[in-house]
Amino acid sequence: MSRVLAIDIGGTKLAAALVGEDGSVAASAIRPTPRTDVMATLAGLIDEVKDGGPAPRAVGIGCAGPLDLTSGTVSPVNMPSWRGFPLRDEVRELTGLPTVLAGDAQCFALGEHWLGSGRGSSALLGIVVSTGIGGGLVIDGVPLLGPTGNAGHVGHMTVDPYGERCECGGRGCAERYASGPNLARWAQDNGWKAPAGEFADARTLATDATAGEPVAVAAFERGARALAAVIASTAAATEVTRVVIGGGVSGAGPVLFEPLERALDDVAGLAFVRSVDVQPTMLGVRAGLAGAAKLAWDYSQQSR
Ligand SMILES: [Zn+2]
């Protein structure tokens, strides 16, 4: 059976898998992302996975952004040793295979569309809520990447034009309200303290919110409202009909999704915006690799 090689590159881990046309995984491996010489570790990972079967037809890579698809270069925020790094050409040279690149959150959306909560959707927005907030759009089954590959950066949609300055240089970005570190920061600024021995992070905050701690609950309500603004605005602009939310923060469950439904009911007006269906991720951490594999399959069929 013919396969493609899928690669998922993030600030904390590198993952690779051999994936069939039906999404089945023949071999996979994962390594922590090293501080320097990431390419050497990636080469070792690729070798290990490729030993698991016949030569793949193509390579699909999902990588943390920002990136530039016109040049095939990446500059991941959490990987300072890669700035303008020619990832696509390096992997193409290493493997001798047709190689295609997209953003990690775009691959998340594509993976969920192919095999997860986004299946069957004609217009899908995937949102990854984690240390930052990323996103990707899949319209009529095709990822909408944009001229340089940066479409879908919904974490930096302005949800309050008078809001706080964001690390990106913009103002009032959704990420300032709803990313994991910003949920915890706001809660701490408002008197929340993590229980003794626990990290003051979004995971602990979610546990406290689930137990009904009022500031923790309020932090998730505030974050959910920012996400609702992103979803309603994106739906108004693109008529997405389904939204899939993943990333570590989505693991908070009802303390995020229930206020999100309420907020969406409040902020959305037009019927086609109000009818957007919001779902949690089905594939979890596997969505990125699935999307990278789908990217490779589509590319190998185009270049056939
Ligand atoms: Zn921003």
Side-chain angles (χ1 to χ4, degrees), residues 1-10 13-30 42 45-46 49-50 52-65 67 69 72 74 87-88 91-92 95 97-128 134-146 149-152 238 240-247 279-304:
M1 187 177 139
S2 174
R3 299 205 170 88
V4 295
L5 174 62
I7 300 173
D8 186 18
I9 297 176
K13 63 164 181 59
L14 310 175
L18 279 181
V19 182
E21 205 161 7
D22 60 353
S24 60
V25 174
S28 65
I30 189 162
L42 185 60
L45 186 71
I46 290 171
V49 170
K50 275 175 74 183
R57 301 166 58 97
V59 186
I61 311 169
C63 187
L67 41 75
L69 290 190
V74 300
L87 179 62
R88 186 179 56 204
V91 172
R92 183 185 286 150
T95 60
L97 294 166
T99 300
V100 60
L101 171 70
D104 54 355
Q106 291 166 335
C107 284
F108 165 83
L110 191 57
E112 289 287 343
H113 183 268
W114 187 28
L115 301 170
S117 301
R119 260 183 300 191
S121 167
S122 56
L124 175 77
L125 167 66
I127 308 178
V128 180
L137 290 153
V138 183
I139 307 297
D140 296 328
V142 179
L144 180 77
L145 302 178
N150 287 296
T238 64
V240 290
T241 54
R242 197 176 308 166
V243 176
V244 180
I245 302 183
Q279 298 283 337
T281 173
M282 186 184 289
L283 304 180
V285 292
R286 295 178 293 125
L289 268 184
K294 186 64 166 67
L295 204 62
W297 274 116
D298 290 350
Y299 190 63
S300 77
Q301 258 128 39
Q302 281 162 24
S303 53
R304 192 177 271 173

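Side chains are part of it too, since the values below use all heavy atoms of this structure and drop only hydrogens, waters and symmetry mates.
- No side-chain donor-acceptor contact under 3.5 Å links Asn150 to the backbone of Leu145.
- Side-chain contact check for Asp104 versus Cys63: every heavy-atom pair is 4.5 Å or farther apart.
- Nearest approach of Lys13 to Asp8, heavy atoms of both residues: NZ-OD2, 3.4 Å.
- To the nearest 0.5 Å, atom CG of residue Leu101 and atom CG of residue Leu295 are 8.0 Å apart.
- Atom CZ of Arg286 is surrounded by 12 or fewer heavy atoms from other residues, nucleotides or ligands within 6.0 Å.
- Judged by distance alone, the side chain of Ser24 and the main-chain N or O of Asp22 form no donor-acceptor pair under 3.5 Å.
- The heavy-atom pair separating Ala296 from Leu5 by the smallest distance is CB-O, 4.4 Å.
- Using a 4.5 Å heavy-atom cutoff, the side chains of Phe108 and Val244 are in contact.
- The main-chain N or O of Val142 is never found under 3.5 Å from a side-chain atom of Asp140 such that the two would form a donor-acceptor pair.
- Two residues are said to be in side-chain contact when any heavy atoms from C-beta on lie closer than 4.5 Å; Val91 and Ile61 meet this criterion.
- A distance-only check finds no donor-acceptor pair linking the side chain of Glu112 to the backbone of Thr281 [under 3.5 Å].
- Nearest approach of Ser28 to Ala17, heavy atoms of both residues: CB-CB, 3.8 Å.
- Of all heavy-atom pairs between Gln106 and Leu144, the closest is NE2-O, 4.1 Å.
- Distance CG/Leu67 to CG/Leu87: 9.0 Å, rounded to 0.5 Å.
- Looking at every heavy atom in both residues, Ala105 comes nearest to Gly135 through CB-N, 3.2 Å.
- With hydrogens and angles ignored, the 3.5 Å screen pairs no side-chain donor or acceptor of His113 with any backbone N or O of Gly120.
- Using a 4.5 Å heavy-atom cutoff, the side chains of Val243 and Leu124 are not in contact.
- In this structure, CG in Leu137 is found 5.5 Å from CG in Leu125, a value given to the nearest 0.5 Å.
- Annotation for Val19 and Trp114: closest pair CG1-CH2, 4.1 Å, computed over non-hydrogen atoms.
- For the atom pair CZ (Arg3) and CH2 (Trp297), the distance works out to 9.0 Å, reported to the nearest 0.5 Å.
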Arg57/Glu21 under side-chain contact (heavy atoms from CB on, under 4.5 Å): CA gap, chis, key distance, verdict: CA-CA 11 Å; Arg57 301 166 58 97; Glu21 205 161 7; over 6 Å; no
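- In this structure, CD1 in Ile139 is found 8.0 Å from OG in Ser122, a value given to the nearest 0.5 Å.
- Between Leu14 atom CG and Ile7 atom CD1 the span is 9.0 Å, to the nearest 0.5 Å.
- With contacts defined as side-chain heavy-atom distances shorter than 4.5 Å, the pair Val25/Leu18 does not qualify.
- A 4.5 Å side-chain heavy-atom check between Pro98 and Arg92 finds every atom pair outside the cut-off.
- Formation of a donor-acceptor pair under 3.5 Å by the Gln279 side chain with backbone atoms of Ser117 is not found in this model.
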